[in-house]
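Fair warning: this is a prediction, and the values are worked out from it, not measured in the lab. Naming: A, B, ... by sequence-line order, numbering from 1 per chain.
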2 protein chains.
Amino acid sequence: MVKITDVAKKAGVSVATVSRVINRRGNVRKSTEQKVLEAIKELNYIPNFSARSLKTEKTLTIGMIVPDITNPFFPIVFRGAESVVKQEDYTIILCNTFEDEYEEMRYLSILEAKKVDGILLIKAPGRSGNEQYMEKLNTLPIPIVYLDRLPKLQDIPAVVADNIGGGYAATTHLLKLGHRKIAIITVQYPLTVHLERLQGYVNSLRDHNISINKSYIKKGIPTIEEGISLGHSLLSMKDRPTAIFVTNHKMTIGIMRALEIAALECPKDISVVGYDDFDWESVFHPRLTVVAQPAYQMGETAAWLLIKILRDGVDDLPNKKVILSPELKIRESCGIYCQSKSKLKMP
Amino acid sequence: MVKITDVAKKAGVSVATVSRVINRRGNVRKSTEQKVLEAIKELNYIPNFSARSLKTEKTLTIGMIVPDITNPFFPIVFRGAESVVKQEDYTIILCNTFEDEYEEMRYLSILEAKKVDGILLIKAPGRSGNEQYMEKLNTLPIPIVYLDRLPKLQDIPAVVADNIGGGYAATTHLLKLGHRKIAIITVQYPLTVHLERLQGYVNSLRDHNISINKSYIKKGIPTIEEGISLGHSLLSMKDRPTAIFVTNHKMTIGIMRALEIAALECPKDISVVGYDDFDWESVFHPRLTVVAQPAYQMGETAAWLLIKILRDGVDDLPNKKVILSPELKIRESCGIYCQSKSKLKMP
DNA sequence: CCATTTTATGGAATCGTTTTCACAATATAT
DNA sequence: ATATATTGTGAAAACGATTCCATAAAATGG
């Protein structure tokens, strides 16, 4: 293991000078710098990160906690984040919590011990009685930027998508197409994102004076199977909805299966709006109309925000919460529903 | 920042004793240990990882280099690896190379500097003239376990799927169904995995005395678009194949699109065997017959192998290369082709 | 050419652990 | 009870960088 003293000896200078060269601190004569650089190259010297971190209290590492990297939304966010942090020579420790808050706590402690410089946190759904965990989150000596999902904390740095807007856009789109019996399938976990998408749905219906039918609101866990079973229960209603808005991608897959099993044609018999958009979306039949989230951009923005905080501190931040807009991508899974002739008032 | 001396002072012992308690080194009286543990808890002491790493030369961190975390195969591998390393308190730095060997080199240097304990490497396709890089790979002072894709190096620890077997199984399946004009769409990069899948295809045809039609072998980059265009070129041949074996998942999506565009029905008009199997596979129409790789298990095994090497060294390893078998999952995308009545000899 | 400012350099302390070595305390054997 | 083996404990030396401070060398001004 070649170390800084070896370089110093070889270059005929002190370790202090070598350190100055490495860290571009200046105050080094050009010729000296040259000698040092040569010695470094010749000895193939690589500074020891642990030693450096011990002194500087910087690890050039950030932690990223995701609920499930297998959910195709999160790899995109990861890449977005990575693309910006790498420019500042940061590296990312990726932690998968399986949507489990205990795992999240465990990882948070590890990241704290490992002294990462900052954390990008996409929260797992919170269980009850986690007050002291929230307290810990809030007092962790490491800057956290929350991503996508928000905890119940005030005024924290966060990057989220406009989920109310997404839910509103999806629902309004269906209303414009003439649908009045619009169901929503959403996730039962206490996650802000799904609560807000539901809120958008409710807001849209209310704004258009459509009364809300509680039996059209279904909640479950975000799996394909659950999507199928929730789809079944919706399709077997006497007063079956003419359109379904699904706030989760896996459940959307389930819905499409349920339609197929029920021998219903989309969009002829029933319209569907999904959530999230991936590059393999073209395999759906019909191709899905979806609310597409700016996943990559969310990752980029969060990373950018974190790095800014790492550099300038959290205090002089103009706005701690960044809200990015999703985009309604209209494709082929929604049809026009004409039965009701009532004029639709648009906002 | 509370440190070990604070704990020592509070517990009325020396730092050496505190260290012994923390690291379970033994030789500490029960009552002393109790005092120390209490002090730790009371002060909320967390050992400083950088300082520890500096002394022990262990970071409890491993690097994982993947070509593209957006390819759904790799998140599964990641989870597999994470599930085993977490049991040993390791943490994973995830590095995305975008299938670019220069990025890979860059990350490798960073991981070396950061002194990760080991590396899980899924190689990017190699460019020409990378001899000194290979040399560097081979002499890196950090244990590497190669995953999925192998470099041209002899006798290195690696975990791969049996790609020849996968290609053989897919092709043989089609042959059994009566197909004789079987095309293959594969990736042009010099990657062992695709070369081997092609090899399996060739082997199967040869074993069954079917002559190889070079125009049925198409290569391209692994994207949906390329799959579409390669599909087009195959479908527009005068002597169009009756079956297509695609060695890459994204290209498979493209093929299915191409069939749709050409108004060909699968499996009635043409049969397809794809590669890789994900939980959203059910969205395909028809559901695809695929060669499913044991992605999770590959991640697990590689991590397990790496940890074993970290613990016992690389020398007393029975076999450095672990080959896992893929599984042919027969679903609905392959039909029987009866035109040729010739008896098919099975091996 | 000397006084003064600026720039370049090295010595040594420091970061927070682990670990070796010496020795003290206790347990075991005779 | 004494000799010996075992166990428990602390002082101090690493580990490999960064950085403060003092001083040497060079540049600048008159």
Side-chain angles (χ1 to χ4, degrees), chain A residues 1-40 43-61 89 109-110 112-117 141-142, chain B residues 1-40 43-61 89 109-110 112-117 141-142:
Chain A
M1 182 79 295
V2 30
K3 48 195 176 187
I4 200 170
T5 49
D6 302 325
V7 176
K9 203 171 295 170
K10 177 133 203 159
V13 298
S14 74
V15 294
T17 301
V18 177
S19 176
R20 273 187 286 258
V21 171
I22 293 170
N23 298 295
R24 300 193 176 70
R25 285 261 170 290
N27 284 342
V28 177
R29 207 185 302 158
K30 212 80 194 129
S31 59
T32 315
E33 182 178 16
Q34 206 48 45
K35 276 191 297 181
V36 172
L37 256 20
E38 266 164 34
I40 288 177
L43 295 174
N44 226 301
Y45 167 71
I46 299 177
N48 183 313
F49 240 86
S50 303
R52 175 180 293 183
S53 297
L54 175 58
K55 196 74 175 92
T56 62
E57 315 221 84
K58 305 235 158 307
T59 53
L60 281 185
T61 302
D89 291 324
S109 300
I110 293 177
E112 186 184 0
K114 291 210 170 175
K115 296 232 171 318
V116 296
D117 295 335
I142 300 175
Chain B
M1 182 79 298
V2 30
K3 49 195 175 185
I4 200 169
T5 50
D6 301 326
V7 176
K9 201 170 297 171
K10 177 131 205 159
V13 298
S14 72
V15 294
T17 300
V18 177
S19 176
R20 272 187 286 258
V21 170
I22 293 169
N23 299 295
R24 299 193 175 72
R25 285 261 169 293
N27 285 342
V28 176
R29 207 184 300 158
K30 212 80 192 128
S31 59
T32 316
E33 182 179 15
Q34 207 48 46
K35 276 190 298 180
V36 172
L37 256 19
E38 265 165 35
I40 287 177
L43 295 174
N44 226 300
Y45 167 70
I46 299 177
N48 182 313
F49 240 85
S50 304
R52 174 180 292 182
S53 298
L54 175 58
K55 197 72 175 93
T56 62
E57 315 221 85
K58 305 236 158 306
T59 53
L60 280 186
T61 302
D89 290 324
S109 300
I110 293 176
E112 186 183 359
K114 291 209 170 174
K115 297 236 171 315
V116 296
D117 295 336
I142 300 175

N or O in side chain of B/Arg29 less than 4.0 angstrom from D/dG8 OP1/OP2:
no
At less than 4.0 Å, is any side-chain N or O atom of B/Lys3 found next to OP1 or OP2 of C/dG16? Yes or no.
yes
How many Å lie between [atom1] on [X] and [atom2] on [N], as a whole number?
| X | N | atom1 | atom2 | answer |
| --- | --- | --- | --- | --- |
| A/Lys30 | D/dA27 | NZ | P | 15 Å |
| B/Glu57 | C/dT19 | CD | C1' | 13 Å |
| B/Lys9 | C/dG16 | NZ | P | 13 Å |

Any ion pair linking B/Glu33 and B/Lys30 (charged N to carboxylate O, less than 4.0 Å)?
yes
Side-chain heavy atoms of [X] within contact of [Y], under 4.5 Å:
| X | Y | answer |
| --- | --- | --- |
| A/Ile22 | A/Tyr45 | yes |
| A/Thr32 | A/Arg20 | no |
| A/Val116 | A/Ile142 | yes |
| A/Lys114 | B/Leu60 | yes |

Quick one: which protein N/O atoms are closer than 3.5 Å to N/O atoms of nucleotides 5-7 of chain C? Pair and distance per line, please.
none

Of residues 15-25 of chain A, the positions that come close to DNA chain D - non-hydrogen atoms, cut-off under 4.0 Å
A/Ala16, A/Ser19, A/Asn23, A/Arg25
Who are the salt bridge (charged side-chain N to carboxylate O under 4.0 Å, His left out) partners of A/Lys10, not counting sequence neighbours?
A/Glu42
Comparing nearest nucleotides in DNA chain C, the 5'-proximal residue of the pair A/Thr32, B/Leu54 is A/Thr32
